[in-house]
Amino acid sequence: VVLHVDSTEERCSGQLALFNGYYQDHCFHPLVVTEERTSFPLALIFRDGNVSSAHRVRSVLKRVLRWLREEIPGVKIVLKGDCAFGIADLVNWLDEIQVDYILGLSGNAVVEKAVVGLASVVLATHQETKLPVQRFCSFSYRAQTWENMHAVVAKVEHTGKGLNQRFVVSSMHPEDSETLYVSYHTRAKGIEAVIEQMKNGLRMDKTACHQKLPNQMRYLESALALILHLKIIEVVEKDLPHRPTVQSVIQKMLKIGAIVTRSVRRFLIELSSVDPNTFWLMRILAT
């Protein structure tokens with residue numbers, strides 16, 4: 001089971017809104033945990049806006065991991081997160097509980113020195129070909145706050161806008177540096193797409209209550225609604241050229257014009273036989 005962890009910013013105002021220096025605004029700062037294959041949200045936690053991205057991540061993951069191990073004995077779990085979660089506290093804890101991970105790593109003088117040679121090759125290749133160049137390498141590294149030595153994978157690229165270097169740390173020693181980095185990069189297409197659909201499709205960020213608990217309930221309602229819509233997408237996507245989004249499911253498959261007649265004993269709902277979206281609604285209802 002591959003888990004993705006990330007945080008998101010929900011801009012807001014009022015007594016509960018606190019200032020976040022990274023986002024430079026007053027907001028809430030929820031924490032999200034999803035499962036890679038299904039995109040299901042497994043945790044969506046309300047947090048104050050002034051906390052760091054990794055705030056409370058261990059306590060949330062403890063509950064998620066315990067549940068997974070109870071439901072699937074012997075399960076192998078891998079955690080992915082960006083550099084906001086590549087901190088010593090989380091790295092050492094994951095080593096202790098034997099959970100594999102691929103986490104973003106902020107650059108520093110030591111890891112940047114390790115890729116000086118590769119950066120020179122990338123720069124020379126780009127100057128010669130005038131085309132985008134991308135290279136990968138891996139090396140062993142241990143930060144002063146880490147309890148163990150770990151593999152670090154570096155991506156060095158030049159796209160014409162300058163040299164760009166990115167690093168990830170992993171508990172798994174890669175046979176192929178590029179494969180491991182690409183596996184990490186799928187995190188962005190996974191959890192960030194889930195967050196976007198909950199915000200734009202299911203209005204997760206409509207948290208206008210004056211207390212934290214009702215706002216947390218709003219998050220949970222959005223998470224459950226997302227799971228329902230993802231199950232609907234499973235039904236219809238094999239008959240469509242492209243995987244639909246939550247927004248398109250709502251607008252094109254669930255919100256359909258109809259004539260509703262109410263009598264003493266029943267409601268009669270008449271749908272248009274020439275509306276192509278009627279077909280999709282009937283497919284969904286049939287399941």
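The shown structure was predicted, so the numbers you read here are calculated from the model rather than taken from an experiment.
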Requested in this report: Check whether Leu103 and Ile97 end up in the same hydrophobic cluster, where Ile, Leu, Val, Met, Phe, Trp and Tyr are linked by side-chain heavy atoms less than 4.5 Å apart.
Outcome: yes
Requested in this report: Please examine the side chains of Cys12 and Thr207, heavy atoms only from C-beta on, and report whether any two atoms are closer than 4.5 Å.
Outcome: no
Query raised in the report: Does Val168 share a hydrophobic cluster with Val57, counting links as ILVMFWY side-chain heavy atoms below 4.5 Å and allowing steps through other members?
Result: no
Query raised in the report: Using a distance-only test with no angle check, is there a side-chain donor-acceptor pair under 3.5 angstrom linking Asp275 and Ser272?
Result: no
Query raised in the report: side chain to side chain contact (heavy atoms under 4.5 Å, CB included) between Asp239 and Arg283: does it pass, once the steps are laid out?
Result: CA-CA 11 Å; Asp239 297 319; Arg283 278 286 304 277; 2.6 Å; yes
Requested in this report: Let me see the working for Met253 and Ile284 under side chain to side chain contact (heavy atoms under 4.5 Å, CB included), right down to the final yes or no.
Outcome: CA-CA 8 Å; Met253 299 180 186; Ile284 293 167; 3.9 Å; yes
Query raised in the report: Quick one: are Val235 and Lys231 in side-chain contact, heavy atoms under 4.5 Å?
Result: no
**Report entry** Leu3 side, atom CG; Asp100 side, atom CG - distance, nearest 0.5 Å
**Finding:** 11.5 Å
Query raised in the report: side chain to side chain donor-acceptor pair (under 3.5 Å) with Asn164: which of Glu157, Gln134, Lys155?
Result: Glu157
Report summary line: Nearest heavy-atom approach of His4 to Thr186 is CE1-O, 4.1 Å
Query - Whether Arg166 side chain and Gly104 backbone form a donor-acceptor pair below 3.5 Å - result: no
Query raised in the report: Do other residues, nucleotides or ligands put more than 12 heavy atoms under 6.0 Å from Lys238 NZ?
Result: yes
Query raised in the report: Considering residues, nucleotides and ligands other than Gln211, do more than 12 of their heavy atoms fall under 6.0 Å from its CD?
Result: no
Query raised in the report: Taking everything shown except Glu128 itself, do over 12 heavy atoms lie less than 6.0 Å from its CD?
Result: no
Query raised in the report: Looking at CD1 of Ile259 and CD1 of Ile269, how far apart are the two atoms once the value is rounded to the nearest 0.5 Å?
Result: 11.5 Å
**Report entry** Identified side-chain contact (heavy atoms from CB on, under 4.5 Å) counterpart of Val1 within the set Arg37, Arg69, Glu35
**Finding:** Glu35
Requested in this report: Check for a donor-acceptor pair, side chain of Asn92 on one end and backbone N or O of Asp95 on the other, with a separation under 3.5 Å.
Outcome: no
Requested in this report: Answer yes if Trp280 and Leu254 sit in the same cluster of Ile, Leu, Val, Met, Phe, Trp and Tyr residues linked by side chain heavy atoms under 4.5 Å apart, and no otherwise.
Outcome: yes
Query raised in the report: Is Tyr184 reachable from Val182 through a run of hydrophobic residues whose side-chain heavy atoms are each under 4.5 Å from the next?
Result: no
Query raised in the report: In a check of ring-ring contact (aromatic ring centres under 6.0 Å, His included) between His29 and each of Phe19, Phe46, Tyr22, Tyr23, which one passes?
Result: Tyr23
Query - Spacing of CG belonging to Asn50 relative to CG belonging to Leu18, to within rounding of 0.5 Å - result: 4.5 Å
Query raised in the report: For the side chain of Thr278 and the backbone of Ser273, is there at least one donor-acceptor N/O pair under 3.5 Å apart?
Result: no
Query - Set of residues satisfying side chain to side chain contact (heavy atoms under 4.5 Å, CB included) with respect to Glu196, sequence neighbours excluded - result: Asn200, Gln247
Query raised in the report: Do Met204 and Leu226 come within less than 4.5 Å of each other through their side chains, counting heavy atoms only?
Result: no
Query - Within 6.0 angstrom of His185 NE2, more than 12 heavy atoms from elsewhere - result: no
Query raised in the report: How long is the gap from OG on Ser248 to CG on Asn277, to the nearest 0.5 Å?
Result: 10.5 Å
Query raised in the report: Which class fits the ring pair His126 and His158: parallel under 30°, tilted 30 to 60°, perpendicular over 60°?
Result: parallel
Report summary line: When every non-hydrogen atom of Ala119 is compared with those of Leu163, the smallest separation belongs to CB-CD2, 3.7 Å
Report summary line: When every non-hydrogen atom of Leu180 is compared with those of Ser170, the smallest separation belongs to CD1-OG, 3.9 Å
Query raised in the report: Are any of the side-chain heavy atoms of Ile227 and Pro41 separated by less than 4.5 Å?
Result: yes
Report summary line: side-chain contact (heavy atoms from CB on, under 4.5 Å) with Val60: of Val5, Val33, Val32, only one passes, and it is Val33
Query raised in the report: What closest approach, in Å, do Leu44 and Ala223 show between heavy atoms, and which atom pair accounts for it?
Result: CD2-CB, 4.2 Å
**Report entry** Leu202 side chain reached by Ile250 side chain, heavy atoms, under 4.5 Å
**Finding:** yes
Report task. Apply side chain to side chain contact (heavy atoms under 4.5 Å, CB included) to Thr38 and Leu230, showing your working. Result -> CA-CA 8 Å; Thr38 61; Leu230 290 173; over 6 Å; no
Report summary line: Between the CG atom in Leu224 and the CE atom in Met217, the distance rounded to the nearest 0.5 Å is 8.5 Å
Query raised in the report: Between Ser7 and His55, is any pair of side-chain heavy atoms under 4.5 Å apart?
Result: no
**Report entry** Donor-acceptor under 3.5 Å (Arg142 side chain, Trp146 main chain)
**Finding:** yes
Query - Side-chain donor or acceptor of Ser140 paired with backbone N/O of His150 under 3.5 Å - result: no
Query raised in the report: Are Val99 and Val2 connected in a single hydrophobic cluster, I mean Ile/Leu/Val/Met/Phe/Trp/Tyr linked by side-chain heavy atoms less than 4.5 Å apart?
Result: no
Requested in this report: Please round to the nearest 0.5 Å and tell me the distance separating atom CG of Asn20 and atom CD of Glu10.
Outcome: 13.0 Å
Query raised in the report: side chain to side chain donor-acceptor pair (under 3.5 Å) between Lys206 and Ser222: does it pass, once the steps are laid out?
Result: CA-CA 10 Å; Lys206 291 297 180 182; Ser222 296; over 6 Å; no
Query raised in the report: Is there side-chain contact between Leu42 and Trp67, with heavy atoms separated by less than 4.5 Å?
Result: yes
Query raised in the report: Has the side chain of Ser120 got a donor or acceptor atom that lies under 3.5 Å from a matching backbone atom of Val116?
Result: yes
Report task. Take Asn215 and Leu16, measure what side chain to side chain contact (heavy atoms under 4.5 Å, CB included) needs, and give me the verdict at the end. Result -> CA-CA 10 Å; Asn215 290 322; Leu16 293 182; 3.7 Å; yes
Query raised in the report: Taking the side chain from Gln197 and the backbone from Val246, do they hold a donor-acceptor pair closer than 3.5 Å?
Result: yes
Query raised in the report: Do Val111 and Gln165 come within less than 4.5 Å of each other through their side chains, counting heavy atoms only?
Result: no
Query raised in the report: Do the charged groups of Asp205 and Arg11 touch, with an N to O distance under 4.0 Å?
Result: no
Report task. Taking all non-hydrogen atoms of both residues into account, name the closest pair between Gly86 and Val91 and its distance. Result -> C-CG2, 4.5 Å
Report task. Quick one: closest heavy-atom pair of Ile45 and Tyr219, and the distance? Result -> C-CD1, 4.3 Å
